[in-house]
Asks: 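Starting off with a structure, shown below.
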Amino acid sequence: MSDWREALKDRLAGLRLRPEREAEIIDELSQHLDDQVQELVAGGADVETARATALAELDAPGALARRLAAIDQRPPLVLPPPGMPSRGRFLQAGWQDIRHSLRALRRAPIFTLTVLVTFALTIGPTTAIISIGNWLLWRPAPGVHEPQRLAVIWVGQWREQAGSIGVSPSGVSYLNLQDLREASKTLTGIAGIQEGSATIAAENVTPANGGAGWVTANAFDVLGVPIIAGRPFRQEDDREPGGEPVALVSETLARRAFGDAAGAVNQRLELNGQALTIVGVLPEQFAGITPMSRVSVWYPGATYGYVNHFTGARTVSRTDGVFYSFVARLAPGATFESAQAELDALVPTLAKKFPDDNEKFRTARARLFPGLGPRELQRKRYADNVRVLLAIGAALLLLGCANVANVLMVRSVRTGRDRAIRLALGASRVRLVMSQLTEGGLLAVGGAILGLLLAVWLKQLIVSLLFPAAPVGQEIQVPLDLRVLGLTLGVSIACALLAGLVPALLQRRFGVAASIAAGAGRSVTGLQWLRSGFAGAQLALSVALVTGSLLLAATLRNLYAVDLGFDPEGVSRHFVDPARHGYRQDRATRYFQDMLERLRHRPGLASVSISGRYPFGSGWRIDVQDPAAANPKPFQVMSNNVSAGYFDVLRMPFVSGRAFTDTEAMTPVGSATVPVVVSESLARRLFSGATAVGRTFVLPKSGNAPERDAVVVGVTRDLKWRSFTDAPPLFVYQPLSQYPRGDVVLVRSALPLPQVARIIDDVAREIDSTMPVSSSQFLVRDIEGVVSEQRTFAWVLSLVGWIAFALAAVGLYGLLAQSVSERTREFGIRLAIGSGRRRIFAIVLRQAAWIGLVGGIAGLALAAFGTRLIETQLFGVTRLDVTTYVLAATALVLVVFLAGLWPARSATRIEPVEALRVE
Amino acid sequence: MSHNDMSHGIPARELKKGSAELLILALVEDQPRHGYDIGKLIQTRSKGDLRFSVASLYPLLYRLEKRGWIEGRWMEKAGQRRRRMYRLTPEGRKVLAAQRGGWLAFARAVSRIAGVEI
């Protein structure tokens, strides 16, 4: 009698059985082994051999412990007793499938990881790109009734330029608006609506800059936005010459300031320090007519002068109007085209009926933009760009799905034999297909979760590329579009399921025996051509995308190399607006002096200035006139009013002369002469190369300003003002005191932006607690805003391009690996009859090279054609730049080589004998 | 275990998985038996074509027991070591009946298609 205890204990260790259970098993098995030894000995074996034979059985394939473990882990497959409700059975089977699949996936970590990452890299970027595209173009302003029947109308003098539209707005007076409304048959309502900002304050709200808009009384009626508390605007609130001091506020503001919507009604609110009474509350989701809008207070257009401290006498005028953009709703049966045609007929009649007051409408035109959305003026260009992005997103989704399908199919073919056996043993087809689907589904869900995380991150990244200049603390939030997520998820899951299903269905066609015979998975040869073609197509697409991204990268490099004529690095801009808070000229000048003085003593700020405008912000044109010229016709130049430190903050070099002194910059000029600094090119234009400093030219009368003589005290280098590519404008700088409104504090500092913003805001509130600072941002962000298109495209294209390359590499690798395994026998024979391993290596790489070659040529051709789409964005590099194409081709060669290396090496390691035994 | 356990190339292990349950249930149908006895009977009654190792037989027994189709009990006889005897439970009896029917249908179907006489 032997003691098997130790031998058995060893084999059962790790199962963590209950001690009494383990003892029982050992007892029972010992007995069995004893019986077996006895029998063997009886048959003539010696005891030692018998013992060894018995023990060897314990360690037979599928060893004892593993099988026992399986019993303890796996719930038994209970054949359902007749009459048991089938739903329970189904659920149980489903759960079992899930556990089975999880285990199977754990056993194939590389496969699982590949599929998960592919899913994530597909779902993530696609969801982000389509979400943003959808948000920009088609997401109607929330809270608006039937936005597809609404249009935005702009009135002004139009000029078209390279895909975008320029307009000099022409204000429409209430009298003219009334005439248009009455005459129009295609539009049921025309409402003035302008979105801007103001300092908002209330009892529990410290003054801060926020979105404020002015509207005609009918605006929310036309938009179909309901009032949730109080009352809407009435006609009498919005009557010229001066409207009532009343406001509608958003539910968000109402809650923040007064607890709830109802509590806000009849409360007092201050806009730019002017008191208004809240008469009603608008629903939370409505914040303006674009997705970027954040308006929380609305007031009647006729109240505009009151809110913004206008001084002039208020009159009912046909000439002046505070509205140049409108929202209108189509009348039943009308189309946007018929409405545009009607407007084109109506606007000139305004000029005909009132030729004196309406002179501007002889050339102005009302243009209608269907639907609501951001930046209607650039919408066409936006739409084109977004469409390109959407196409890229869709291509990526397709690529990813096809890739996942590919990988799943290879695996499915490999596991086909298992399925065949299960089938032979009586598993139902439905169950087999179900378990196949479960695996695909699990992978899709896992990948989707990763993809979702990626999407959230990418979305914000792309938004920050699209809108780099959004002020600190007011970053634009794009909601993740659940419908888009659903769509990408749906497509991915569908393709995963399909990929799982196809092999199962093929099996049905070819039958069980074929699958069992196919053994190690050598039955996909028929799909080889399809898969090669697919790998080639993937490579082609990747090459094209990467070429595009390289062209844009070169463009950005070229743009950033452009000499701007000033140094924006480290300079931030902050808005103050004393004029809109009721400051008159001398008080504003004192305010600026005070502010500059205080800021000068704050540590951390290298230099500070205040000016009317700033580079890559807005522009301001005035007329200048050279009295000495033969034809002293005035011509337009850009103008800016600046404090003494402006040129220092921007590090603008002087060609000759000097900057303003503090006294010059701040002294209100009563006299007829004004010191000015001019740009190099203006000096050349006025004085044709002769010394400019000390010379004089004329600033003609404009508006309220009388004609003055300008004396040149300095000449600066030219600078780029609104674009990298346009020629620098002619420029004249006047003292700040000449035009004290609409003002910008420029600061050069090494401190982080929020800290600088806080310092400026603190100082502003020290001087006047009701006048906060707004819109703090770095100048470089404004400059990036000008090239945001190129930046976004460059980023998205390279992201998608490299992902596509990675996917293509995985696809190619899978293809080659599969092909090597299919040709194991062939390679074995080749090796057996004396082929060198080097030759085998070459055979595999050659296959990769062919696919790469075809894909590469197709890709470069596709790029040559496809880069038309981004041609207008390129700068300093042509669409067919040879270096770029060579770079892209090099990337392709590298990717193909890397993808082919592993399979080629594994092919050289085939042992002829093993290979022949595979059968 | 090797591929020679079963004739005609169908992997024995796979077929056994499906049929072994049936075999065991059938063997303990009339009288309780211990593991070694069951293993031995399968071998002798199949004339050596089928053989279970310790490593496959006992896990199978435990699984059937866990499902409640058979029940194992320690029995002691005077002068002998105690043995664990397995007998068919009422539920096992139902399963056996069902599997017998299924097996017969399967075997008939196979023989019809493959043209093999049983």
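Bear in mind the structure is a predicted one, so any value in this text is a computation, not a measurement.
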Asks: At a heavy-atom distance under 4.5 Å, which candidate from B/His34, B/Arg82, B/Arg83 has the highest pair count against chain A?
Replies: B/Arg83
Asks: Would you call the rings of B/Tyr58 and B/Tyr62 parallel, tilted or perpendicular if under 30° counts as parallel and over 60° as perpendicular?
Replies: tilted
Asks: Kindly determine whether B/Tyr36 and A/Gln31 satisfy side chain to side chain contact (heavy atoms under 4.5 Å, CB included), including the steps that lead there.
Replies: CA-CA 8 Å; B/Tyr36 188 75; A/Gln31 199 140 111; over 6 Å; no
Asks: Please report the shortest heavy-atom distance between A/Ser101 and A/Leu442, naming the atom on each side.
Replies: CB-CD1, 3.5 Å
Asks: Between B/Glu91 and B/Lys94, does at least one N-O distance fall below 4.0 Å, as a salt bridge requires?
Replies: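 A salt bridge is absent here (no side-chain N lies under 4.0 Å from a carboxylate O).
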Asks: Sub-4.5 Å heavy-atom contacts with chain A: which residues of residues 37-45 of chain B show up?
Replies: B/Lys40
Asks: State whether the side chain of B/Thr89 and the backbone N or O of B/Glu71 hold a donor-acceptor pair below 3.5 Å, judged by distance alone.
Replies: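 Here the side-chain-to-backbone pair does not exist.
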Asks: For A/Asp46, which residues count as a side chain to side chain donor-acceptor pair (under 3.5 Å) partner, sequence neighbours excluded?
Replies: A/Thr49
